[in-house]
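Encoded as structure tokens, the structure appears first; notes follow it.
The structure displayed is predicted, hence computed values, not measured ones.
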Number of protein chains: 2
Amino acid sequence: MRDLLTHAVEDYLKAIYDLSLNFGRASTTQIAEVLDVAPASVTGMVKKLASTNPPLVEYQKHRGVVLTQDGEKIALEIIRHHRLLELFLHETLGYSWDEVDAEADRLEHVISDKFEQRIAEVLGDPTHDPHGDPIPTRDLEMPSHATLCLAHLRPDERGSIQRVRDTDPELLRYLGGHGIVPQASFTVMGYTPFDGNLTLRVNGQEEPVVLGTRITQQIFVERE
Amino acid sequence: MRDLLTHAVEDYLKAIYDLSLNFGRASTTQIAEVLDVAPASVTGMVKKLASTNPPLVEYQKHRGVVLTQDGEKIALEIIRHHRLLELFLHETLGYSWDEVDAEADRLEHVISDKFEQRIAEVLGDPTHDPHGDPIPTRDLEMPSHATLCLAHLRPDERGSIQRVRDTDPELLRYLGGHGIVPQASFTVMGYTPFDGNLTLRVNGQEEPVVLGTRITQQIFVERE
DNA sequence: ATCCTTTTTTAGGCAAGACTAAATTCGGCC
DNA sequence: GGCCGAATTTAGTCTTGCCTAAAAAAGGAT
């Protein structure tokens, strides 16, 4: 009964975990979008996840799913794998921060507990991946993370970058090129009310940058 | 047409490569044994491999298969992955030499060219894995390897361990415990004619070891 | 309350890769 | 030359995970 942990299953659980963080539960359509799969496929898989022993999700028709404790545990294991791998690729193998996500996506399903443990040791039990996302601890506690997004800051406010959504490699390259990486400090110079563009001066950078809301919604910060 | 490189396909090619080294070609039954799969399944897969474009094996009914150039190239890529990974796990992540094979078996199908390149760099373009097996070069040349097996040495001959078959973790632990690892020097002390037991004194070890033919056939050496 | 759009489900299919059981072919031996 | 046993192939199924198209259910707006 435990061998139902296919790669596909793991991907579903990860997606459901993420969606639940934002919306409380995950709808069929949302899951289908995230995984780039037909909605009908999701229904099928979700039914399977709900009827394993133990069940990994709670499923109500037309109301989407929530992870059970068992499901959440597995999701956190995979996320720990993923984020440790990202950091490992970055720190030890010299990957840039826009390259790590794709490679980690494939490796996360395949590494053993031993591998996980070893890279955690090599990295000194790190708490954050290269994009600033928190890494679940060994006993699968998820540390809290910044939720204030850059779009909400106003002129003259200062802050530090906490994390950046890791989905788009090109965006990451762009941001990296302007010094916008976790821990960087900055000051908001200007803000245009209608289109919401922010002008940012990043400490240590010559030129200020102008960022649209498409971008500033992907960046999470702490006020200083 | 190139996406036919499933994990299963890669495993078949690897197995066929190995068998061809020893026997010139690979029979259905042999492949089935190596992969722990029913012979009928092998026939099916082998037909597929022979009818792709380009074909990866040459197949004649009832006479087994040989790799084509294309098939061999892929096999060597996988073997390079595997052996680089083994060494990486051993050197960088502190795995013991009996643990690396299983982990590498899963990772080899999943890592990118970039990953391969990076670990090769970190390891300084190594030529041999922890069991002494040669690692194909970047342009997929397979270095030659020792073929003289320990069972063929006679009393008073001296030599050095070159490589050890990596299939059985327990054997590897046993041998490692007695200092029998690649590059170790030794002297053959005695040999019993009927059962073929060898008594070995390994340089740097207190106690000599007695090894049966089941073991001495798995160890390859160079005379000194 | 009903209509309409969105979401979900049903139903039917496909591709990989494995299996079993039943045929067939090969190779050696008399 | 014919027979036997081992090796191989054929034929037919199963499972997983995905797909599409079309039916059905929810839920919001009027």
Side-chain angles (χ1 to χ4, degrees), chain A residues 1-16 19-20 22-53 55-66 71 74 78 105-106 108-110, chain B residues 1-16 19-20 22-53 55-66 71 74 78 105-106 108-110:
Chain A
M1 270 283 166
R2 251 291 139 90
D3 297 60
L4 274 277
L5 262 62
T6 340
H7 297 187
V9 168
E10 296 180 344
D11 282 337
Y12 274 89
L13 294 176
K14 209 169 50 142
I16 295 167
L19 289 167
S20 300
N22 297 327
F23 305 100
R25 41 175 51 240
S27 80
T28 304
T29 321
Q30 286 175 321
I31 299 171
E33 251 163 49
V34 172
L35 296 180
D36 194 23
V37 138
S41 309
V42 175
T43 305
M45 178 59 93
V46 140
K47 277 186 182 169
K48 188 168 310 178
L49 296 179
S51 61
T52 54
N53 195 328
L56 303 177
V57 302
E58 255 168 47
Y59 169 52
Q60 291 180 282
K61 283 192 184 181
H62 292 113
R63 343 203 71 237
V65 293
V66 209
I74 296 169
I78 305 298
D105 263 337
R106 277 173 291 121
E108 65 188 7
H109 305 295
V110 152
Chain B
M1 268 283 168
R2 250 293 138 87
D3 296 63
L4 275 276
L5 261 62
T6 340
H7 296 187
V9 168
E10 296 181 344
D11 282 338
Y12 274 89
L13 293 175
K14 208 169 52 144
I16 294 167
L19 290 166
S20 300
N22 297 327
F23 304 101
R25 42 172 53 238
S27 77
T28 304
T29 321
Q30 286 174 322
I31 299 171
E33 252 163 47
V34 172
L35 297 180
D36 195 22
V37 139
S41 309
V42 175
T43 304
M45 177 58 92
V46 140
K47 277 185 181 172
K48 187 169 309 177
L49 296 179
S51 61
T52 55
N53 196 327
L56 303 177
V57 303
E58 257 168 46
Y59 169 52
Q60 292 181 282
K61 281 190 184 182
H62 297 275
R63 343 202 73 238
V65 291
V66 210
I74 297 168
I78 304 297
D105 263 337
R106 277 173 291 122
E108 65 187 7
H109 304 296
V110 152

>> Run the side chain to side chain contact (heavy atoms under 4.5 Å, CB included) test on Y12(A) and V37(A) for me, step by step, so that the C-alpha distance in whole Å, both residues' side-chain angles and the decisive distance to 0.1 Å come before the verdict.
In response: CA-CA 11 Å; Y12(A) 274 89; V37(A) 138; 3.8 Å; yes
>> Determine whether V42(A) and L35(A) satisfy the following criterion, side chain to side chain contact (heavy atoms under 4.5 Å, CB included), listing intermediate values before the conclusion.
In response: CA-CA 9 Å; V42(A) 175; L35(A) 296 180; 5.7 Å; no
>> If you apply the rule side chain to side chain contact (heavy atoms under 4.5 Å, CB included), what do you find for K48(A) with L56(A), and how did you get there?
In response: CA-CA 9 Å; K48(A) 188 168 310 178; L56(A) 303 177; over 6 Å; no
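Phosphate contact (OP1/OP2 of dG27(C), side-chain N/O of R63(B), threshold under 4.0 Å): present. OP1 or OP2 of dT10(C) has at least one side-chain nitrogen or oxygen of K61(A) nearer than 4.0 Å.
Here the rule is side chain to side chain contact (heavy atoms under 4.5 Å, CB included) with L13(B), and of L49(B), L5(B), I78(B) only L49(B) fits it.
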Output a table of nitrogen or oxygen pairs between the protein and nucleotides 14-19 of chain D separated by less than 3.5 Å.
from: dG17(D); atom 1: OP1; to: T6(A); atom 2: OG1; distance (Å): 2.4
from: dC19(D); atom 1: OP2; to: A38(A); atom 2: N; distance (Å): 2.9
from: dC19(D); atom 1: OP2; to: S41(A); atom 2: OG; distance (Å): 2.5

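Of the residues in residues 25-35 of chain A, not one places a heavy atom less than 4.0 Å from an atom of DNA chain D.
Rounding to the nearest 0.5 Å places NE2 of H62(B) at 9.0 Å from OG1 of T43(B). Here the CG-CD1 distance, from D11(A) to I16(A), works out to 11.0 Å after rounding to the nearest 0.5 Å. Here the CD atom belonging to Q30(A) is positioned 9.0 Å from the OG atom belonging to S20(A), to the nearest 0.5 angstrom.
Atom CD of E10(B) is surrounded by more than 12 heavy atoms from other residues, nucleotides or ligands within 6.0 Å.
If you take CD of Q60(A) and C1' of dG27(D), they are 16 Å apart, rounded to a whole angstrom. Put simply, NE2 on H62(A) is 6 Å from C1' on dA26(D), counting in whole angstrom units.
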